[in-house]
2 protein chains.
Amino acid sequence: MTRPTPLALKPRKSPSQARSTATVEAIHTATIQLLLTDGVARLTTTRVAERAGVSVGTMYQYYPHKEALLFALVTAQLEAIAAAMENAAADLTGRSLCAISDGIAAAWLDAKTADIVGSRAIYGIAAEFDIVEMTRERSVQMIDAIETLLTTASDAVVARPREVAFMLLAVMGGSVRTVLERGARDEELEVLRAELPLVCRQYLAVSAHPLAARSDAEELTRV
Amino acid sequence: MTRPTPLALKPRKSPSQARSTATVEAIHTATIQLLLTDGVARLTTTRVAERAGVSVGTMYQYYPHKEALLFALVTAQLEAIAAAMENAAADLTGRSLCAISDGIAAAWLDAKTADIVGSRAIYGIAAEFDIVEMTRERSVQMIDAIETLLTTASDAVVARPREVAFMLLAVMGGSVRTVLERGARDEELEVLRAELPLVCRQYLAVSAHPLAARSDAEELTRV
DNA sequence: ACCTGAACACCGTTCAAGT
DNA sequence: ACCTGAACACCGTTCAAGT
């Protein structure tokens, strides 16, 4: 419970800040744990405080209300994922359409899967409040990134890249969510990991015109 | 508010049963309305009862607890969708892979979209309790139906039909959910309606071997 | 600067009493 | 057979008091 105070060297405010940082972290951790074991419905401010080893009043010093606490969790998770996707987009710029597709799918799967525990906890609260609103903002940002990325493909030009980026995100996000919400069973995760890249690649292929004219160009458009 | 009592001709118990039916329906409606305007978080047994024009006690005569009320809503909605999908499957048996794919996607979109209001209300509670469990059962049923359907395709044989059916459902379910949860905006629904069938068709094509050997068989497998 | 916990309004659920 | 609503335990949130 007592932890070293890593910020202790800093001036005046430091010791107290280190304590409060620990407090916030404890609250964060306690919330995730309770969310996983008991679900949103049974998540109680009293219980969070108890588990975190602080009093309710303390919790309300950092979060104006329970929603804010949940909101903070979702934000942290979404930010991590958005960052991962933007990194992936940077790495994939100018590659072939297949490479881009596989790269995006892998990055998404990795990001969501890296913190299955957190992801699952968060799906339970994602439908609440203004959280939907915030989710929208973040995802617009990701759509932008993917749209831009698509236009850089070296071997094809994607028609209506914005719609395609939107659809890609909906398909990836939705299918992963479905599997994680069902309990993230290994067998189902395996299927997802094997099939999702295929889904993306095929969809991208049909949405693009190859750059070099080829006699079998049809192959890349509709079946 | 007063409604004709359609079962009034029936013997003894009828009038009272008609009354209770009306009560249950009023509660159901009130719940959906409140869910849509205020969200799950603000859904209160008191408020539901008030809106439905009955007392709290009455509500507890039909639903042992609040969860049960929500559970009933989800069940009704899921049952309607499962039925729609099974109908579609029956109609599509023995058709071409393309026809099957388009048919499934259309049926799914129609079923979810027919009751956008209900669908949205329900996403908000889908993560709760044993509801996840029930969802699983229903979806196994739908996976079965689609798997069977896939094996009847007239012009191709689908490899690993169960995995493909699972993935199809995850992709359709997830992407539609994403769009509805974001507020079911017309522009986004339009994109979904245009692109989802493509996603499905391409994925199915790559997962199947054509039945008649053709020189350009490659076209139907990986790009 | 940060923490505590009793106090208050409100919610889920029950049950004795009504028709 | 169905309905009512006061009553109880518990939750979210506040705030005066502590260190």
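Throughout, a chain's letter reflects where its sequence line sits, starting with A, and its residues are numbered from 1.
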- Query: From the list C/dC3, C/dG12, D/dC3, which nucleotide is the closest neighbour of the side chain of A/T23?
  - Reply: C/dC3
- Task: Check for a donor-acceptor pair, side chain of B/S55 on one end and backbone N or O of B/G57 on the other, with a separation under 3.5 Å.
- Result: yes
- Message: With a 4.0 Å cutoff (strictly under), does any side-chain N or O of A/T45 reach OP1 or OP2 of D/dT13?
- Response: no
- Message: With a 4.0 Å limit, can you tell me whether A/Y62 has a side-chain N or O closer than that to the phosphate oxygens OP1/OP2 of C/dC3?
- Response: yes
- Can you find a side chain N or O atom of B/S55 that sits less than 4.0 Å from OP1 or OP2 on D/dG5? no
- What's the CD-P distance between B/Q61 and C/dA16, to the nearest Å? 15 Å
- Message: So that I can tick it off, tell me whether A/R160 and A/E147 are bridged by a salt bridge, with the cut-off set at under 4.0 angstrom between side-chain N and carboxylate O.
- Response: no
- Task: Round to a whole Å and report the spacing from CG of A/L34 to P of D/dG12.
- Result: 11 Å
- Message: How many whole angstroms separate atom NZ of A/K66 from atom C1' of C/dC11?
- Response: 12 Å
- Would you mind telling me which residue lines up with the more 5' stretch of DNA chain D, A/P64 or A/R47, judged by nearest nucleotide? A/R47
- Message: With a cut-off of less than 4.0 Å, is there a side-chain N or O of B/Y60 near OP1 or OP2 of C/dT14?
- Response: no
- For A/E25 and C/dC2, what is the distance between atoms CD and C1' respectively, to the nearest whole Å? 17 Å
